[in-house]
Amino acid sequence: MNNVKVSTKNVNVHYGTKQALHRVTLDINEKEVTALIGPSGCGKSTFLRCINRMNDLIDICKVDGSITVDNEEIISDEVDVVSLRSKIGMVFQKPNPFPKSIFDNVAYGPTIHGIVETKTDLEEIVHLSLKRSGLFKEVKDRLHEPGTSLSGGQQQRLCIARAIAVNPDIILMDEPCSALDPIATATIEELIDELKNKYTIVIVTHSMQQAARVSQRTGFFHLGELVETGETQKIFTNPENEKTQGYITGRFG
Amino acid sequence: MFYWSLIIISLGIYSAYIFGKSRITSHSRQLEIKTASLPTYYAQYIMVWCLLPALIVYFGWIIFEDQIIQNLVLANFDFDLNPALNASLLIAEIKNVALSDSFAEGKATEILNAAEHYASIKYVSSISFYLSILIVMILGVMFASRKLQPSFRAQQSIENYVKYFLFFCSSVAVLTTVGIVFSLLFESLRFFSDVSVFEFLFGTKWYPYIPIREGQSGSQGSFGAVPIFAGTFLIMIVAMCVATPIGLFTAIYLAEYASPRVRRIIKPLLEILAGVPTIVYGFFAFVTVAPFVKTFGQSIGIDASPTSALAAGLVMGIMIIPFISSLSDDVINSVPQSLREGSLGIGANKAETIKRVILPAALPGIVGAFLLGVSRAIGETMIVVVAAGTAPNLTANPFENVTTVTVQIVIALIGDQEFDDPRTLSAFALGLVLFVITLILNIFALRIVKKYRERYE
């Protein structure tokens, strides 16, 4: 059994007067892939964005409850959001490379955090990150072309490289494959499987097959509540809750 | 003539409409066939065919009537026999006599006869004017009513006419622009037949006074426009030094930091700034800023003139702020939210995100806004007339008097010299240069903005 990396207790999220999450309590284990599944609008992305305080960007969004990362509370005004986010990488639904070169995209994080001192160190980090995201071979001859010139799947792996370049502990993925074709999806899934040896990964996905393929634990959200959580194998073969059963067998959602 | 024809045409098209509608309704009832379009479209079709010929006759008559009558009246005069006669003076005299008896006293019988002739032609002409409008309206309706069959697709025809009408409207602006360009071009050519292009573009002395008599001392005209271009450039630089940073920072604040409430207040206020007439800015520059600039100049030991490039440039910069801030605000807002999230998600703070991701992404649009601001600055007149003086000094010192292209155009045109004086004509050459420069800037700006748009769509 792995250590608990992120622990949430009774997390409520309100958008204005509308409550989006109800008392979500969930533990996320270190160096495992945790998948969050559920129908659209069930709050799984909202939950994901609580972990790196991305919901701060939305004025009307209010989060309460308790979330700890490495046993440190993060739902508090005293938390340094910038250093928290440097510890938690995020990959978004739609690939969002910056309008810069491939190299600069990956170098962005290390540069702003002052991780590197020399140019060679920076190059090393960029190359390593691109290797880890499985993109290096494809782009090593054109590191100075714009990141937007890559294909969708490559762009998404570039975004993963960008996220791991600052050496985070946790990577949050918000439906990373929903804009990709099946082949690119397969590549990303293989990558996720490798990355879990080094990082704690939380992935929101619409595809139950994907959750089953890549994750060790799965949480099922419905209408803002965490209905059931457990080992992926158990959730997909023998769920305890009727709603989970209904969703994974395709009766609703 | 105008009011009567207005009434005739209005009544005509109204009855054409009624006629068309009742005709097609009864027709379709008789044949027991449903009409292809709603009856109103048939009525409109008839109306168009009634109105169009009437308008053509109306405007044709207005344009050509006077000339034709003049020719008819003057045909009785033999200009070859009497070379002292001037046709335009003569016709003016005849018209005056025809209009009022008080002019008739002591005129030659020839003129009196001609005036009578003129009056009778004029009378016949106005009668036949109304008649021909009526006739063409009736002919139009008759022609169009052949098509009043239930199978005729009136709606499609009307839509076509609407399309032509819209095309006509849009071509008005285009044709006007073409006309402006040509009038500028031809007058400039007249100017350049007196003054060489080389002297105009590269001469450093602007002294647009032509000697009244030969050999007059100390007043040889000189049309070197370099001091004017330099003055324009100087004021533009000062203005953009004010407008670009302030406008850009305003835009960044509005787009990235301001709460929706603050934004709701500041944006309209900025737009009010854009709506202030430029002459009002001129007052402000002259009354408030120029004395301040003079005092400031003295305090640092520079002798500033009461009106200066700095005063005009500062106020012009204020005027341009809303252009830059509003355009840049739009551009920054259109940078996708996903880029912001991507940067913040890595742990960049807000300032880093703006500096390293958002501004580079928005840069082409911001450059476009800047160039549009520059072309405003170059074309601005009133502030400079009031606050920068009119002396064509070739200087880089912003505390001195300078003058700009637009100001010199104003000065050249408000004098009482003759129209073919090179001094007056110099206005057109200056205008042409101004037009070309702002045109190039606008093309550049639009191109950059367009390129930017394509990237995110």
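Every heavy atom of this structure was used, including side-chain atoms; hydrogens, water molecules and symmetry mates were not.
At least one donor-acceptor pair closer than 3.5 Å links the side chain of A:Q156 to the backbone N or O of A:P176. Side-chain atoms of B:T288 never come within 3.5 Å of backbone atoms of B:A285 as a donor-acceptor pair (strictly under, hydrogens ignored).
Only the backbone of A:P97 has a heavy atom closer than 4.5 Å to any heavy atom of chain B. Only the side chain of A:V166 has a heavy atom closer than 4.5 Å to any heavy atom of chain B. For A:I88, the part lying under 4.5 angstrom from a heavy atom of chain B is the backbone only. Residue contact with chain B, scored on non-hydrogen atoms closer than 4.5 Å, is absent for A:R53. Residue B:S343 touches chain A through both its backbone and its side chain, counting heavy-atom pairs closer than 4.5 Å.
Contact count versus chain B (heavy atoms, under 4.5 Å) is highest, among A:K87, A:K100, A:K94, A:Q93, for A:K100.
Here the shortest heavy-atom pairing between B:A377 and B:M240 reads CB-SD, 4.5 Å.
Residues of residues 104-127 of chain A lying under 4.5 angstrom from chain B, judged on non-hydrogen atoms, are A:Y108, A:G109, A:T111, A:I112, A:H113 in numerical order.
Cation-pi geometry between B:R263 and B:Y257 is not met: the NZ or CZ atom fails to fall both under 6.0 Å from the ring centre and inside 45° of the normal. Geometrically, A:K131 engages A:F136 in a cation-pi contact, judged by NZ or CZ lying under 6.0 Å from the ring centre and within 45° of the ring axis.
Between the side chains of B:N349 and A:R85, not a single donor N or O lies within less than 3.5 Å of an accepting N or O. Using modelled atom types and a 3.5 Å distance limit, the side chains of A:E73 and A:T68 yield no donor-acceptor pair. Between B:Q337 and B:R340, the side chains place a donor N or O and an acceptor N or O closer than 3.5 Å (distance only, hydrogens not considered).
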>> A:R162 vs A:N96, test: side chain to side chain donor-acceptor pair (under 3.5 Å). Steps then yes/no.
In response: CA-CA 11 Å; A:R162 187 175 72 187; A:N96 58 347; 3.0 Å; yes

